[in-house]
Amino acid sequence: MSDDSRNEADQRRRKLGELRRRGDAYPNTFRREDLAAELAIAYGDLSKEALAEAPVEAAVAGRVMLRRVMGKASFITLEDLSGRIQCYVRRDDVGEDAYADFRRLWDLGDIAGVRGTVMKTNTGELTVHASEVGLLVKSLKPLPEKHHRLSDQELRYRQRHLDLIVNEESRQVFRTRARLVTAMRRFFDERGFLEVETPMMHPIPGGATARPFVTHHNALDTKLYLRVAPELYLKRLVVGGFERVYEINRCFRNEGLSPRHNPEFTTVEFYQAFADYVDLMDLTEELLRELIRDIRGGTSLTFEGREIDFGPAIPRQRMTSAVATEIGIAEGDLMDEARLGELARALNIPVESAWGWGRVLMETFEARVEANLIEPTFITQYPIEVSPLARKSADDPRLTDRFELFVAGREIANGFSELNDPEEQADRFARQAELKNRGDLEAMHYDKEFLAALEHGMPPTAGEGIGIDRLAMLLTDSSTIRDVVLFPQLRGTGGDES
RNA sequence: GGGUCGUUAGCUCAGUCGGUAGAGCACCGGGCUUUUAACCCGUUGGUCCUGGGUUCGAGCCCCAGACGGCCCA
């Protein structure tokens with residue numbers, strides 16, 4: 001590399017070389033004493049004159065985001081975890097050598113420390129007037145363009161650090177997500193729920209109908225599955241006497257990537273003994289109102305240009321009623337298996353011969369109703385055929401006491417009164433095993449261990465899962481899950497098989 | 001998996017009818033001691049995603065592929 005290279009990376013490396021020659025190029029001796037936002041709160045309201053009369057010492061540090069050099073005086077803007085602060089660097093204040101270095105060796109993106117006094121400029125901007133400046137870290141790669149920042153979506157996900165450096169909105173999304181999780185923990189803790197951690201690796205995948213990831217344990221020489229849901233373990237804890245439990249953690253499903261699906265995603269799953277699915281719908285409304293008040297303020301949020309209000313009671317509608325209304329037929333007509341099958345075929349919904357009435361109803365619902373549920377809506381009474389862990393409805397053995405919550409056309413939550421009759425659960429597992437034998441890759445395994453736990457007696461219980469990523473999407477107005485997952489799965493990041 | 005749009009300088013993007021590759025920011029050199037995406041002057045920087053094809057000539061047209069966005073399954 002020659003000194004006259006015009007390549008920016010070469011120039012930065014040349015500058016680093018010069019820093020190395022004169023000593024420690026990566027010092028860790030500067031001690032920051034003030035954050036940008038703290039200075040703004042403490043002194044932002046004082047006048048230029050007041051600050052000049054009673055000088056305040058400050059020491060700030062952060063990444064150099066803007067730089068304006070005017071001969072023998074300059075302004076730089078540093079960004080730290082709290083925000084931005086401008087610094088005023090004058091040759092006559094920091095000394096000729098330091099100022100020459102500052103001009104020659106500093107670049108946008110470097111990390112610097114500035115010590116000085118707090119002042120206001122003629123235009124009223126709070127500024128640290130430097131008495132001492134130090135380059136703490138030389139950044140060897142140029143930052144994205146300062147006006148437009150980084151907008152290439154793929155680059156934003158693959159180099160999330162860059163996205164976070166230059167895109168304040170992106171940082172804000174992940175702060176909001178963290179607040180969401182914190183608020184959710186507080187909500188459950190306050191109500192006597194115990195936070196637990198159950199296995200991520202299961203000998204038998206269970207708790208949801210989904211394709212699992214498979215791995216292998218060498219010492220045990222056995223297959224293990226990354227969990228698709230924590231449900232069966234959480235219920236074993238309820239059997240054990242932890243009558244209110246919750247878990248916030250990752251689940252894994254071996255399915256396609258889409259704006260709504262990442263192979264690993266985060267859910268909160270919670271169980272409450274001596275409660276039913278209606279209690280959980282009530283609790284869910286309470287939870288959502290609290291989260292929205294904490295994070296957005298008020299009762300509503302804006303998503304994809306629409307205001308969605310969680311203030312009013314969330315309507316609850318039976319699945320058959322929702323489908324009948326959407327298609328414009330009598331609810332009674334849906335109850336007949338043959339007639340529903342004809343209807344589905346007429347609507348171009350692919351129906352497989354092995355499907356019973358419940359599966360056809362579910363597919364029809366997903367194809368025709370789901371996307372239209374923009375306002376928050378609970379859909380209830382899911383078919384037993386697609387709900388192998390849910391309690392049968394008292395008034396119709398083909399249905400279960402189950403609900404899902406939809407917002408903006410997306411499933412946000414899924415809950416039900418739990419099936420706690422071990423013999424009926426054994427029958428349901430047997431039916432799933434049959435489907436699996438017939439080639440249904442998503443069907444559940446027959447889980448003897450779980451049945452053994454149920455046989456000890458699980459109190460009447462209701463349980464629910466809520467997708468944290470999807471909730472974060474709603475609360476940050478993000479239309480793709482990749483914007484709320486720090487490192488989303490992308491093609492070509494799968495390891496060494498490519 | 002299908003459809004569709006895209007891939008040009010480190011970043012954000014133009015590129016007309018097929019005829020020598022452009023701008024802003026960043027970088028380099030110069031000027032400027034209260035600037036505000038600082039400004040002014042002068043430079044540098046290109047595997048136009050890849051591989052074929054058509055053509056006297058391809059960033060542009062055709063074919064195949066890679067990667068990505070969006071829509072659908």
Side-chain angles (χ1 to χ4, degrees), chain A residues 1-16 48-49 51-52 63-79 84-96 98-100 102-110 116-130 138-159 162-163 165-168 255-261 304 347-352 363 366-368 370-371 409 478-483 488-494 498:
Chain A
M1 177 213 322
S2 62
D3 279 9
D4 58 357
S5 167
R6 294 296 170 81
N7 178 295
E8 182 166 359
D10 290 347
Q11 288 291 345
R12 284 174 181 247
R13 225 167 261 284
R14 175 183 63 77
K15 293 171 183 176
L16 174 63
K48 178 173 160 77
E49 293 72 25
L51 282 166
R63 199 177 287 276
V64 180
M65 299 306 289
L66 294 171
R67 190 160 171 254
R68 294 176 287 279
V69 177
M70 307 160 297
K72 300 179 187 67
S74 302
F75 288 92
I76 58 173
T77 300
L78 296 185
E79 181 155 333
R84 291 184 171 198
I85 180 79
Q86 178 173 262
C87 301
Y88 181 45
V89 184
R90 236 165 39 158
R91 187 194 65 178
D92 295 349
D93 299 321
V94 300
E96 211 156 319
Y99 193 75
F102 165 79
R103 286 199 56 166
R104 280 182 46 246
L105 301 178
W106 292 35
D107 288 295
L108 291 182
D110 291 349
T117 56
V118 179
M119 62 167 262
K120 273 206 172 162
T121 63
N122 291 337
T123 52
E125 180 162 348
L126 195 70
T127 300
V128 175
H129 186 157
K138 183 75 209 160
S139 169
L140 294 175
K141 289 186 187 295
L143 286 182
E145 207 257 357
K146 66 188 176 188
H147 307 173
H148 302 90
R149 306 180 166 188
L150 190 63
S151 60
D152 182 299
Q153 288 193 54
E154 189 184 0
L155 266 185
R156 287 184 48 227
Y157 303 140
R158 287 196 195 275
Q159 300 192 49
L162 256 192
D163 176 44
I165 288 171
V166 298
N167 294 331
E168 162 65 19
E255 292 159 4
L257 306 173
S258 87
R260 298 177 193 194
H261 298 91
E304 293 180 341
L347 293 170
N348 275 328
I349 296 160
V351 175
E352 292 176 21
E363 297 284 335
E366 286 181 352
R368 300 302 297 253
E370 205 175 299
S478 303
S479 51
T480 165
I481 193 171
R482 291 173 181 172
D483 283 337
Q489 194 65 45
L490 302 171
R491 192 188 288 249
T493 51
S498 50

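Chain letters run A, B, ... following the sequence lines, proteins first and then strands; every chain starts at 1.
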Just checking [X]: base, sugar-phosphate only, or nothing, at a heavy-atom cut-off of under 4.0 Å?
X      : value
A/D92  : base
A/R103 : base
A/R91  : base
A/T121 : base

Do [X] and [Y] make a side-chain contact, defined as non-hydrogen atoms from C-beta onward lying under 4.5 Å apart?
X      : Y      : answer
A/L105 : A/D110 : no
A/E79  : A/I165 : no
A/R90  : A/H129 : yes

Both distances below 3.5 Å, Watson-Crick or wobble geometry, any strand: find the nucleotide opposite [N].
N     : result
B/G18 : none
B/C11 : B/G24
B/G68 : B/C5
B/U34 : none
B/A58 : none

Classify the ring geometry of A/Y99 against A/F102: parallel below 30°, tilted from 30° to 60°, perpendicular beyond 60°. tilted
Could you give the [atom1]-to-[atom2] distance, from [X] to [N], as a whole number of Å?
X      : N     : atom1 : atom2 : value
A/D163 : B/C11 : CG    : C1'   : 14 Å
A/F102 : B/U33 : CZ    : P     : 14 Å
A/E255 : B/A73 : CD    : P     : 16 Å
A/W106 : B/A26 : CH2   : P     : 18 Å
A/I85  : B/U34 : CD1   : P     : 19 Å
A/H261 : B/C71 : NE2   : P     : 13 Å
A/E366 : B/A73 : CD    : P     : 12 Å
A/R12  : B/G10 : CZ    : P     : 14 Å

For a quick test of reading the model, state the closest non-hydrogen atom pair linking A/K141 to A/R12 and the distance between them. O-NH1, 3.5 Å
Please tabulate the protein-to-nucleotide N/O contacts below 3.5 Å involving nucleotides 37-41 of chain B, giving atom names and distances.
unit_1 : atom_1 : unit_2 : atom_2 : d
B/A38  : OP1    : A/K146 : NZ     : 2.6
B/A38  : OP2    : A/R68  : NH1    : 2.5
B/A38  : N6     : A/V69  : O      : 3.0

Nearest-Å distance once atom P is located in both B/G24 and B/U43: 12 Å
Can you tell me how far C1' in B/U55 sits from the matching atom in B/C71, rounded to whole Å? 37 Å
Selection from [options] that lies nearest to any side-chain heavy atom of [X]:
X      : options             : value
A/L150 : B/U33, B/C67, B/C11 : B/C11
A/L155 : B/U33, B/C67, B/C11 : B/C11
A/N122 : B/U12, B/C28, B/U34 : B/U34

Please compare A/F75 and A/R104 by the position of their nearest nucleotide in RNA chain B and report the one closer to 5'. A/R104
Between A/T480 and A/P142, whichever has its closest RNA chain B nucleotide further toward 5' is A/P142
Quick one: list whatever passes side-chain hydrogen bond (donor to acceptor under 3.5 Å, both in side chains) with A/R149, sequence neighbours left out. A/E169
List the residues meeting side-chain contact (heavy atoms from CB on, under 4.5 Å) with A/Q86, not counting sequence neighbours, and say none if there are none. A/R68, A/F75, A/T121, A/E125, A/T127
Answer yes or no: is there an ion pair linking A/K138 with A/D107, defined by an N-O contact shorter than 4.0 Å? yes
Any side-chain donor paired with an acceptor under 3.5 Å for A/R156 and A/Q153? no
Quiz question: going by heavy-atom distance under 3.5 Å, is there a donor-acceptor pair between the base of B/U34 and the side chain of A/E125? no
